[in-house]
Structures are given as C-alpha cells and as structure tokens.
Undergrad: 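A single structure is presented below for examination.
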Amino acid sequence: MAQKKNSKGQTKKDAKPAGKNGKKAEGSSGSSFFTWFMVLALLGVWTSVAVVWFGLVDYDDVLAKAKEFRYNISEVLQGKLGAYDADGDGDFDVEDAKVLLGRCTDLPHLQKEALKEQLRMIHEKIEAKKIAKMALAEVRSIIAKEEAQKQAAREEELKMEATAQKAKERTEAQLQEEVGKRAREEEREKKKEVERREKAKKEKAEKERLTKEKERKEKEKLTKEKEREEKEKTKQGREEKPVKKSQNKKPERSEPSEEETKKKKPKLLNKFDKTIKAEIDAAEKLRKKGKVEDAMRAFEALVEKYPGSPRCRYGKAQVLAEAPEDGFAKVHYGFILKSENKIAESIPFLREGLESGDPGTDDGRFYFHLGDALQRVGDDSAYKWYELGHQRGHFASVWQRSLYNVDGLRAQPWWTPKETGYTDLVKTLERNWRTIRDEALAVMDATSGLFLPEDENLREKGEWGQFTLWQQGRKVDKSCQSVPKTCALMERYPEATGCKRGQIKYSVMHPGTHVWPHTGPTNCRLRMHLGLVIPSQGCRIRCTNETRAWEEGKVLIFDDSFEHEVWQEADRYRLIFIVDVWHPELTQYQRKTLSPI
C-alpha cells in the first residue's frame, strides 16, 4: 500500500511539474508573441501620432492609413480575445475580464498573474486607442484652427484691399471734383473778367461820348460868348468913337436906337463889387468854361460871403438863366445844395433834373441823394426813386444802394461768422473783448479828443464819436500807440487790416442820437460790430427790415451796403468796436487791385 501511495504520490509530483511546465511553456510562448505584437501595435500608433503632430509626412495620408491599421488591429485582437468572451456579446471587454477574474479563483498563482498581465496589456491598449483618438482630434482641431486663421487672414487682406481700392477711387473722385471745381471757378472768373472789361469799355465809350458832348456844348457856349463879346465891343467902339466933322459926309447919330438900348449890358458893378472883382471874375470864368457845378458852388460861396453884392446874385442867377430848362444844371445845383445840408431846397432841383432826362442826368449819385433827401423830410416817395435807380442799373436793389460795386458777389443784409469764413477773427474778438474794451475806456478817460465827431452828415441829432485805428488799409500809428494790445490782435488778420475799402475803429454814441437811414459806399466789404459797453435797453440797429440789438462780448455782422439805421435811446453811452473785412467772395487779385474808398 505504501508503495502504491508512493507511486501515486510520485505520479502526482511528476505529473504536476510536467503539467506545470507544459502549461507554462505553452502559455509563455503565446504570451510572448502577444506581448510583442501589442508593443509593435502601440509603437505604430504612437509613431503615427508623432509623425502627424510634428508634420513629418503628409498627415492626411498618415491619418487614413492609421485609421485602416486601427481597424485591422481591432479585428486581430478581437479574433484572439474572442475565446475569452464570457458574457456572449461577441467581443472581449472589461466585463468579460471581471467574469474571468471571478472564475479563476481556483487557478494557480502564476496563471492568475499571466492573465492579469494580459488584461493589463489589453487595458493599456484600450487607453492607447483613447489617447490616439484624442491626439487625432487635437490634430484635426489644430489643423482646422490654422485653416480658419488662414481663411480669416485672406478675408481680412481682401477686405483691406477692397477698402484701399475704395479709398483710392474716392480720392481720385475728390481730386477730379476739385479740379473740375477749380476749372469752373476759373471759367467763371474769366467770364466775369470779360464782362467787367466789356462793361468798362461801354462805360469808357459812354464817358467819352458825354465828354465830347460836353466839350461840344462848351465850344458852342464859348463861341456864342465870344460873338456876344465882339458885338458888345463893336457897340462900345461905335459909341466911344468921336464924331468927325466932314464937309462931304453927314454927321452920324450920337444916340443909340431903342433896340440897341434894350440889348445894352447893364452895369451891375457898384463900388463894393469893384473891390471883389477878382473873385467874381474867377467864378465867371468857370461859368464861361461850362463848369456848371464849380461855377454854381463859387457863386453860392460869394453870395454867402457878400450878401450885399448884386453882382454875386446875378452870377448865380446867370448860371441857371443861361439854360433854365437844362436838367444837367439842375441836378448839379441840387447836388450842391444837398452837400451843404440844404435838404429841402435840393429836392426840386434834383427831381426836375432827373425828370428832364437830359444827357448827364442819369447818374446813380443823383438818384441816391434825391431819395436820401426825401427820406430825411419824411417823404415815402424816396423808395420810388430808389426803385427807378435800380431799374436803370445804378443800384443792386432798392435796399442795396452802394455805388462802388463788384458784380456777382453774394448779397444779404445779415451774415453769420460761418458764412463769412472769418470764424477765427470772430472768436479772437469775442475772447478778448474785455481787453479791447478796457483800452478804449482808458483812451476815453485820458482824453476825449481822440474820439472825433462823425463828419459824414449821417446824424439827425445827438453825439457820435469815432476813434480810427486803420483807414483804407493803412494803419494809424499814433492811434495804435494808445491801444497797443488791440492793434496787436488785429495785426494777425489781413482780411481786416488790408481792407482798402473799410475801417477798424471804436464808435461811441451818446443818448439821444439818431442816425439817418443810409448805405455804405461799396458791396466789397462786410462790417463787424463787437459790443463793448451796451446799455440794457434803448440801443438798436436796423438793416433792411430786420432790427437787432448789440450784446457785450458778441459780434454782429452785416453788409452795410444795405440800408441801415441806428437809435440810441438809453440812459448812458454805447461803445462798440467796428471791424470792416473784405467780402469773402473777392479774389486775392481783386483785393490787391481795387481802389481805396
């Protein structure tokens, strides 16, 4: 029995190692092959990922091959591991591994370890597959981002090119428009220049015609005067010639006939007239030369100087008596009376002279002064004569009656700083108005002699003084010494200091002053009023049919070639600063060549 047991034990002992060795040898061979196969598979996957990641080859081709390889590996593994499918779902997964581990509790330790090693390798393979998928997804994401960035860069470049092209086209269009605008302006300027030349030629021809007509009349008058003087001399010689006795001839008559008596020139020179004969002869000489206006003025002066002289009165009457219906003489005489502020007396002569239609009467000055005289006596028919003057081409309109004009300039009574283009000047005046005011007040306090009374006969009543800094584009140095800061400010603006048809001055107006409706001499300037000392009520200015008031530190701008009127009905003085500027539409050439006014 012992021998039998030993033989059985021996058999078990012998059988166990053999069985163990046999299984180990078989398992070891299969495990070694599978392990190296897995290592190679993972190495291939990671090599593919590395190639794609670092861009060593064409990643699109690699990705396609890796995908195909992955499917092949999966099929192989599933084929080898299909034997371990414990749950019958057709493949080997984690659940199958758990079942196998649960069933293998009775397996020897080494077999368990081998199985665990195989399961670990399978797990690592699964993790590798996940990592490969993540890597591929990341690669695709990076590629997509790069493509998106490239596309965005291309779109941005195209957009910038399109913007640059549009900007170029817009710039070219603006340049073409500017060139066209300049060409049109030059064309208009040339056209205006041609029109001005034509007008100047016509005016020159008309003046020459009037001059010739006047010379002809003067010659006729001189001829008649000469004939009259010769007749007088002949008569006087006949009267003074002594009667000679002759036996063969009858004695001549010693007394003139009745007809000769009537034609005889009266002796108007009394003893007093003989003492002023030189002055009378000078006035008479002007009359004989046909200088009606000068002769009339000379005899008017003599009548005022020597009211007791019959010869002076006779000379004045003779100027008109020679041509009692001569409209030319009447308008000039009326003009003289108006200039001497004999308003009512001037009206009939100016009116009758214009109504005559005689050569030389159709002059804007006579329409201007007749209308002005009628306005001052309160006669509304003034505007009828202004309208007639406008229809005859002397005035731009009934309201705008300046006589020294440039055609084609924008015409409106009131202007804004922006419309003038002189906004910088306006801002400077308004920012520094206190400095300008204080210097004026210092001058007024120091001496009132610098403020001279208005001398253009524009006041109906009251007191109106002016202190001039620039006149006709020329600086008054003596005046600027009294207000140096104000003059230094103005030096920066040639549109004002260089305006030869304007002024820069202070204007002080005292209570109770009224300025007649009047117009400036030219449409070539605009006038700025800066308020310095303005009473709260009672001061106003009307230009055409709109009335405004001044404000301290603010600028009013108007075209003084339009009719304007001023009232000062406050309880204290009003002080303003007046700045004339060139009309903004005048060219630089015109500003240089226009004559001063």
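Being a predicted model, the structure only gives us computed values, none of them experimental. Residue numbers run from 1 in the order of the sequence given.
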Undergrad: Pair V406, T522 - check side chain to side chain contact (heavy atoms under 4.5 Å, CB included), show working.
TA: CA-CA 8 Å; V406 170; T522 178; over 6 Å; no
Undergrad: Under 3.5 Å, is there a donor-acceptor pair between the side chain of R542 and the main chain of T544?
TA: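 The answer is yes, because a donor-acceptor pair under 3.5 Å joins these two groups.
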Undergrad: Between E569 and R540, does a side chain to side chain contact (heavy atoms under 4.5 Å, CB included) hold up when you go through it step by step?
TA: CA-CA 9 Å; E569 299 168 347; R540 61 191 188 277; 3.1 Å; yes
Undergrad: For a 4.5 angstrom cut-off between non-hydrogen side-chain atoms, does I436 reach L429?
TA: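 Contact flag for I436/L429 side chains = yes.
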Undergrad: Tell me whether S381 contacts the main-chain N or O of K384 through its side chain, where contact means a donor paired with an acceptor under 3.5 Å.
TA: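 No, S381 side chain to K384 backbone: no donor-acceptor pair under 3.5 Å.
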Undergrad: Whether the side chain of E345 engages the backbone of L337 through a donor-acceptor N/O pair (distance < 3.5 Å, no angle test) should be reported.
TA: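 Checking the backbone N and O of L337 against the side chain of E345, no donor-acceptor pair under 3.5 Å is found.
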Undergrad: Using side chain to side chain contact (heavy atoms under 4.5 Å, CB included), reason through V331 and R365 one step at a time and then give a plain yes or no.
TA: CA-CA 10 Å; V331 289; R365 294 175 301 167; over 6 Å; no
Undergrad: I need the single residue from W470, W433, Y506 that forms a ring-ring contact (aromatic ring centres under 6.0 Å, His included) with F577. Which is it?
TA: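 The residue from W470, W433, Y506 that satisfies ring-ring contact (aromatic ring centres under 6.0 Å, His included) with F577 turns out to be Y506.
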Undergrad: Assess whether salt bridge (charged side-chain N to carboxylate O under 4.0 Å, His left out) is satisfied between R437 and E552, documenting all intermediate values.
TA: CA-CA 10 Å; R437 177 200 62 189; E552 291 184 355; 5.1 Å; no
Undergrad: Is it true that R574 and S507 share a donor-acceptor pair across their side chains at a distance under 3.5 Å?
TA: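 There is such a pair (donor and acceptor under 3.5 Å, judged by atom type) between the side chains of S507 and R574.
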Undergrad: Give the C-alpha distance, both sets of side-chain angles, the deciding distance and a yes or no for side-chain hydrogen bond (donor to acceptor under 3.5 Å, both in side chains) between E419 and Q412.
TA: CA-CA 11 Å; E419 288 174 329; Q412 62 187 56; 3.0 Å; yes
Undergrad: Are the charged groups of D438 and K485 less than 4.0 angstrom apart, N to O?
TA: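 A salt bridge is absent here (no side-chain N lies under 4.0 Å from a carboxylate O).
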Undergrad: Can you check side chain to side chain contact (heavy atoms under 4.5 Å, CB included) on Q590 and W582, steps first, answer last?
TA: CA-CA 10 Å; Q590 290 171 322; W582 284 117; over 6 Å; no
Undergrad: I557 and M528: which non-hydrogen atoms are nearest, and at how many Å?
TA: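 Where I557 meets M528 most closely, the heavy atoms are CG1-CG, 4.0 Å.
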Undergrad: Between F467 and F451, how do the two ring planes meet: parallel, tilted or perpendicular, split at 30° and 60°?
TA: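 F467 vs F451 ring planes: tilted.
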Undergrad: Please examine the side chains of Q375 and W516, heavy atoms only from C-beta on, and report whether any two atoms are closer than 4.5 Å.
TA: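 No, every pair of side-chain atoms sits at 4.5 Å or beyond.
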Undergrad: Pair T361, D358 - check side-chain hydrogen bond (donor to acceptor under 3.5 Å, both in side chains), show working.
TA: CA-CA 6 Å; T361 60; D358 288 347; over 6 Å; no
Undergrad: If only atom types and distance count, is the side chain of K330 paired as donor or acceptor with the main-chain N or O of R351 below 3.5 Å?
TA: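 It does not hold such a pair.
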Undergrad: Would you call the rings of W415 and H583 parallel, tilted or perpendicular if under 30° counts as parallel and over 60° as perpendicular?
TA: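 If you compare the ring of W415 with that of H583, the planes turn out perpendicular.
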Undergrad: I want to know whether F368 and H394 have ring centres closer than 6.0 Å.
TA: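 Ring-ring flag for F368/H394: false, centres at least 6.0 Å apart.
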Undergrad: For V555, does its backbone N or O pair with a side-chain atom of E430 as donor and acceptor, under 3.5 Å?
TA: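 Yes; judged by distance alone, with no hydrogens or angles, the pair exists.
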Undergrad: Please determine, by modelled atom types, if E172 and Q176 share a side-chain donor-acceptor pair under 3.5 angstrom.
TA: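 On atom types as modelled, these side chains do not qualify, holding no pair under 3.5 Å.
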Undergrad: Is the charged tip of R501 near the ring of Y404: under 6.0 Å from the six-membered ring centre and within 45° of its axis?
TA: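 Judged by the rule (NZ or CZ under 6.0 Å from the ring centre, within 45° of its axis), R501 is not positioned above Y404.
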Undergrad: Stepwise, does the salt bridge (charged side-chain N to carboxylate O under 4.0 Å, His left out) test hold for E563 with R401?
TA: CA-CA 7 Å; E563 180 183 292; R401 303 189 296 272; 2.9 Å; yes
Undergrad: Identify which one of E565, H564, E456 satisfies the side-chain hydrogen bond (donor to acceptor under 3.5 Å, both in side chains) criterion when paired with H518.
TA: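 Option passing the side-chain hydrogen bond (donor to acceptor under 3.5 Å, both in side chains) with H518: H564.
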Undergrad: Do E585 side-chain atoms and R410 backbone N/O form a donor-acceptor pair below 3.5 Å?
TA: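 At least one qualifying donor-acceptor pair exists.
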Undergrad: For K285 and D281: C-alpha separation, side-chain torsions, deciding distance, then whether salt bridge (charged side-chain N to carboxylate O under 4.0 Å, His left out) applies.
TA: CA-CA 6 Å; K285 188 175 181 181; D281 288 344; over 6 Å; no
Undergrad: Mark yes or no for whether Q568, through its side chain, and A570, through its backbone, hold a donor-acceptor pair below 3.5 Å.
TA: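 Judged by distance alone, yes, a pair lies under 3.5 Å.
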Undergrad: Got a donor-acceptor contact below 3.5 angstrom from the N405 side chain to the N523 backbone?
TA: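 Answer holds: yes.
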Undergrad: Which heavy atom in L409 sits nearest to a heavy atom in C524, and how many Å separate them?
TA: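 Taking L409 first and C524 second, the nearest heavy atoms are CD1-CA, 4.4 Å.
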Undergrad: Is it true that atom CD of Q391 has more than 12 heavy atoms of other residues, nucleotides or ligands lying nearer than 6.0 Å?
TA: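 Enclosed.
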Undergrad: If the plane angle is over 60° it's perpendicular, under 30° parallel, otherwise tilted; pick one for W385 and Y367.
TA: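 Taking Y367 first and then W385, their aromatic rings sit tilted (interplane angle of 30° to 60°).
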Undergrad: How far apart are the closest heavy atoms of L469 and S479, and which atoms are they?
TA: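 Looking at all heavy atoms of both residues, the closest pair is CD2-CB, 3.8 Å.
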